[in-house]
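Inspection log for the structure reproduced underneath, given as structure tokens.
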Amino acid sequence: MPDPEHDAPAPEAAAAATAPAPQPTPAEAEVEAAPTASLDDDWQRVSPKHVVVEVVGSVIGSGITVAVLLVVGAWLGFAWATWAAAAVAVIALVAIAFEPRRVRSIGYRRRADDLVFRRGIMFQRQVAVPYGRMQLVDITRGPVSRALGLADLKFVTAAAATAVTLPGLPLDDAERLRDELVALAETRRAGL
């Protein structure tokens, strides 16, 4: 026969089951609501097509250098020019092999007061450009970039060291970002 004394829930357990759950404090709610993803998730990357732009630029630049060294070596009889041409070609091939990784390292992030730009594999550079300090936001497109539908966005501030070029953006994204940044710069400068 069941014992009603042992089968009934304890008074504390019954009170806890009927009481509302405690509400978290605002600080606890903010911690719970914070995304658990890494900080790299909110970085915007440039278009993967930008690799083609970089490779074409490297091939043209190194090709001209190799050709000049070979011509100098042939006309003037300098053996070192042939060795230098071979060295330039090898270095160019190694650099071209790293282009996809280098392009993947380029990114930007819009924050409340500034735009942060990063690039680099071994030597990483991060620059924060405050919206209120932007004096010029310019779009440039070379022939290869135009053929691929890409553009470079250049931010100029009063300090020459903070001039930043964000390469390899799709043209529509570059124009939209330019317009948004110009509007933000105007509102921030008005507040100064």
Side-chain angles (χ1 to χ4, degrees), residues 35-70 80-131 133-182 184-185:
T36 57
S38 71
L39 292 176
D40 283 346
D41 288 346
D42 58 348
W43 285 93
Q44 303 294 317
R45 299 193 185 247
V46 299
S47 173
K49 292 191 251 179
H50 185 62
V51 173
V52 175
V53 176
E54 294 293 330
V55 168
V56 168
S58 295
V59 167
I60 290 172
S62 59
I64 290 172
T65 304
V66 167
V68 166
L69 287 170
L70 289 176
W80 62 265
T82 306
W83 288 106
V88 168
V90 168
I91 291 170
L93 289 175
V94 171
I96 288 170
F98 280 102
E99 286 298 341
R101 175 64 185 101
R102 194 180 68 74
V103 167
R104 281 195 308 272
S105 74
I106 302 171
Y108 68 96
R109 176 176 24 188
R110 290 182 54 194
R111 298 191 302 188
D113 296 323
D114 55 14
L115 181 118
V116 181
F117 169 77
R118 73 173 182 189
R119 77 179 317 150
I121 301 172
M122 236 167 98
F123 300 98
Q124 295 181 348
R125 178 182 182 207
Q126 283 195 10
V127 178
V129 182
Y131 298 132
R133 301 287 183 205
M134 288 183 189
Q135 294 180 340
L136 175 70
V137 182
D138 187 23
I139 291 180
T140 57
R141 301 177 71 201
V144 179
S145 293
R146 272 196 315 271
L148 296 172
L150 301 178
D152 297 346
L153 202 60
K154 183 177 182 181
F155 314 103
V156 179
T157 64
T162 59
V164 171
T165 300
L166 184 56
L169 295 175
L171 181 60
D172 294 338
D173 292 349
E175 289 175 346
R176 178 188 47 77
L177 186 58
R178 177 199 57 199
D179 295 342
E180 291 174 5
L181 292 175
V182 167
L184 278 169

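Summarising the geometry, atom CD1 belonging to I121 is positioned 9.0 Å from atom CD1 belonging to I106; distances are rounded to the nearest 0.5 Å. In this structure, the separation between CZ on R176 and CG on L181 is 9.5 Å, given to the nearest 0.5 Å. T82 OG1 to L70 CG: the interatomic distance, rounded to the nearest 0.5 Å, is 6.0 Å. R45 contributes atom CZ, which lies 8.0 Å from atom CZ of R104 (distance to the nearest 0.5 angstrom). Here the straight-line distance linking atom CG of L171 with atom OG of S145 works out to 10.5 Å at 0.5 Å rounding.
Each of V116, L169, V164 was evaluated against Y108; a single residue qualifies, L169, per the side chain to side chain contact (heavy atoms under 4.5 Å, CB included) test.
The pair R102-E99 counts as a salt bridge, with a side-chain nitrogen and a carboxylate oxygen less than 4.0 angstrom apart. Looking at R111 and D114, a side-chain N of the basic residue comes within less than 4.0 Å of a carboxylate O on the acidic one, giving a salt bridge.
Taking the side chain as every heavy atom from C-beta outward, V129 and T157 approach each other to under 4.5 Å. Side-chain contact check for T140 versus K154: every heavy-atom pair is 4.5 Å or farther apart.
R146 places a side-chain N or O within 3.5 Å of a backbone atom of R141 that can act as its donor or acceptor partner. Looking only at distances, no side-chain donor or acceptor of S62 sits under 3.5 Å from a matching main-chain atom of A89.
For the residue pair V46 and G168, the shortest heavy atom distance occurs at CB-O, 3.6 Å.
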